[in-house]
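Here's the structure, in structure tokens; my notes come after.
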Amino acid sequence: MPFTLATWNINSVRLRAALVSRLLAEEAPDVLCLQECKSPVDMIPTEGFHALGYTHMVARGQKGYNGVAILSKLPLEDTGETDFAGLGHARHVSARLPNGVTIHNCYVPAGGDIPDRDQNVKFGQKLDYLTHLRDHFHEQRPARSILVGDLNIAPREDDVWDHKALLKIVSHTPIEVDHLNEAREAGGWVDVTRANLPEGRLYSWWSYRSPDWNAADKGRRLDHVWATADIANAGHSSRILRDVRGWDQPSDHAPVFATFDL
DNA sequence: ATGGTAGCGGAGCTA
């Protein structure tokens, strides 16, 4: 049975519940992973999602910041969260589908503005988060698993609008890219988006601060879909819904989709 | 080098 999965940094699920419902109604993914819900779990407005057939949710939340949720038409078994780097933030949750596929939904710390852990505690926390994630999945050796989320790093030269201009900008510095690639390889993860779309520039985020984001197109691919090697070949039809970034009062991220024949 | 926008919560932090 094929299933379609999407990941989207929603930047407040309460403010943008109507946008979530619109995406669910128009695109009908089986599973939608959200990041930056910025809400305690019991305050997430689930009624509209239920009405569209998304009757299952596994989430972790906190007041005002962070927060991750998995909405699903298929039953979900809550398989817990890991507090990578011990930050005490709601940045990870996982759940298992009836077909045995485990989904990890991650929100990696943005890391502040200065790419130096001696001058900027947040940058160190970002690197530590990725190191812990790397070690965790190296030990766990995941199988039949998918990891999605806002990983807050654009790893490839064609994942940013200007590689040279962004080499010292947090999200594209070599040390971050190294940490992300090490984490991916240690867990045996395959970048499904790039396996499906190996050529050309791909962005999933455009800053709110750009007055004309669409024309300027100074984007970065911060949102990712990974899968373990045993199921990565089942992934196909990856796509980024750029139009969603142009909806009224949008998130600054566009949703990333993939379909798996499993 | 700076400032540009947005959400939360009601000032300043985070992104």
Side-chain angles (χ1 to χ4, degrees), chain A residues 7-23 33-45 59-69 83-92 105-117 119-130 133 148-155 159-162 164-173 175-177 179-180 203-224 242 244-256:
Chain A
T7 179
W8 192 16
N9 179 317
I10 191 61
N11 187 21
S12 176
V13 71
R14 292 157 71 187
L15 193 69
R16 288 187 240 281
L19 295 194
V20 173
S21 289
R22 179 176 171 186
L23 186 78
C33 296
L34 299 171
Q35 302 87 36
E36 277 210 90
C37 295
K38 295 186 173 178
S39 173
V41 172
D42 60 8
M43 301 276 283
I44 295 175
R60 297 293 185 272
Q62 60 187 91
K63 201 162 86 80
Y65 299 96
N66 310 311
V68 286
D83 182 12
F84 298 115
L87 301 174
H89 298 170
R91 294 182 177 273
H92 170 257
N105 182 13
C106 297
Y107 176 47
V108 173
D113 288 332
I114 303 170
D116 178 345
R117 70 185 310 154
Q119 297 178 56
N120 171 15
V121 172
K122 288 194 191 47
F123 193 74
Q125 290 174 343
K126 181 178 195 175
L127 298 180
D128 292 346
Y129 189 99
L130 292 163
L133 189 148
V148 306
D150 177 3
L151 306 187
N152 263 315
I153 296 171
D159 290 335
V160 295
W161 65 280
D162 186 333
K164 281 193 70 177
L166 291 178
L167 275 172
K168 293 181 178 176
I169 302 298
V170 172
S171 73
H172 192 61
T173 63
I175 190 170
E176 290 171 88
V177 171
H179 275 66
L180 187 70
Y203 312 140
S204 65
W205 174 87
W206 295 261
S207 174
Y208 283 126
R209 299 175 191 177
S210 182
D212 191 353
W213 70 273
N214 196 29
D217 200 20
K218 295 182 174 180
R220 308 176 198 171
R221 186 173 71 105
L222 304 181
D223 304 275
H224 298 267
R242 181 186 177 115
V244 173
R245 178 64 177 80
W247 288 358
D248 285 341
Q249 298 186 55
S251 167
D252 46 354
H253 293 253
V256 182

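Put simply, CD on Gln35(A) is 17 Å from P on dG7(B), counting in whole angstrom units. The distance from atom CG of Asp248(A) to atom P of dA6(B) is 12 Å, rounded to the nearest whole Å. Remark: C1' of dG9(B) and CG of Leu15(A) are 13 Å apart, rounded to the nearest angstrom. Taking atom CG of residue Leu19(A) and atom C1' of nucleotide dA6(B), one finds them 14 Å apart after rounding to whole Å. Residue Asp113(A) contributes atom CG, which lies 14 Å from atom C1' of dT5(B) at whole-angstrom precision. Distance NZ (Lys63(A)) to C1' (dC8(B)): 8 Å, rounded to an integer number of Å.
Rounded to whole Å, the separation between the C1' atoms of dG9(B) and dG4(B) comes to 22 Å. The separation of dT14(B) from dG10(B), taken at their C1' atoms, amounts to 16 Å, rounded to a whole angstrom. Look at the P atom in both dT2(B) and dA6(B): the space between them is 23 Å, to the nearest Å. Separation of the P atoms belonging to dA1(B) and dA15(B) is 24 Å when rounded to the nearest angstrom.
Residue Arg16(A) is classed as a sugar-phosphate contact, given heavy-atom separations below 4.0 Å to backbone atoms only.
Using modelled atom types, no side-chain atom of Asp150(A) and backbone atom of Asn9(A) make a donor-acceptor pair closer than 3.5 Å. At distances below 3.5 Å, at least one donor-acceptor pair connects side-chain atoms of Asp83(A) with backbone N or O atoms of Gly88(A). No donor-acceptor pair closer than 3.5 Å links the side chain of Asp223(A) to the backbone N or O of Trp8(A). Looking at Lys126(A), its side chain does come within 3.5 Å of a backbone N or O of Asn152(A) through a donor-acceptor pair.
For Asn66(A) and Arg60(A), the side-chain atoms include no donor-acceptor pair closer than 3.5 Å. Residues Asn11(A) and Tyr208(A) have side chains that bring a donor and an acceptor to within less than 3.5 angstrom of each other. Side-chain N/O atoms of Thr7(A) and Gln35(A) include a donor and acceptor closer than 3.5 Å.
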Polar atoms only, N or O, under 3.5 Å: list the protein pairs with nucleotides 11-15 of chain B and their distances.
| from | atom 1 | to | atom 2 | distance (Å) |
| --- | --- | --- | --- | --- |
| dT14(B) | OP2 | Lys122(A) | NZ | 2.9 |
| dA15(B) | OP1 | Arg91(A) | NH2 | 3.2 |
| dA15(B) | N6 | Arg209(A) | NH2 | 2.5 |
| dA15(B) | N1 | Arg209(A) | NH2 | 2.9 |

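When the side-chain nitrogen and oxygen atoms of Ser12(A) are compared with OP1 and OP2 of dC8(B), one or more of them lie within a distance under 4.0 Å.
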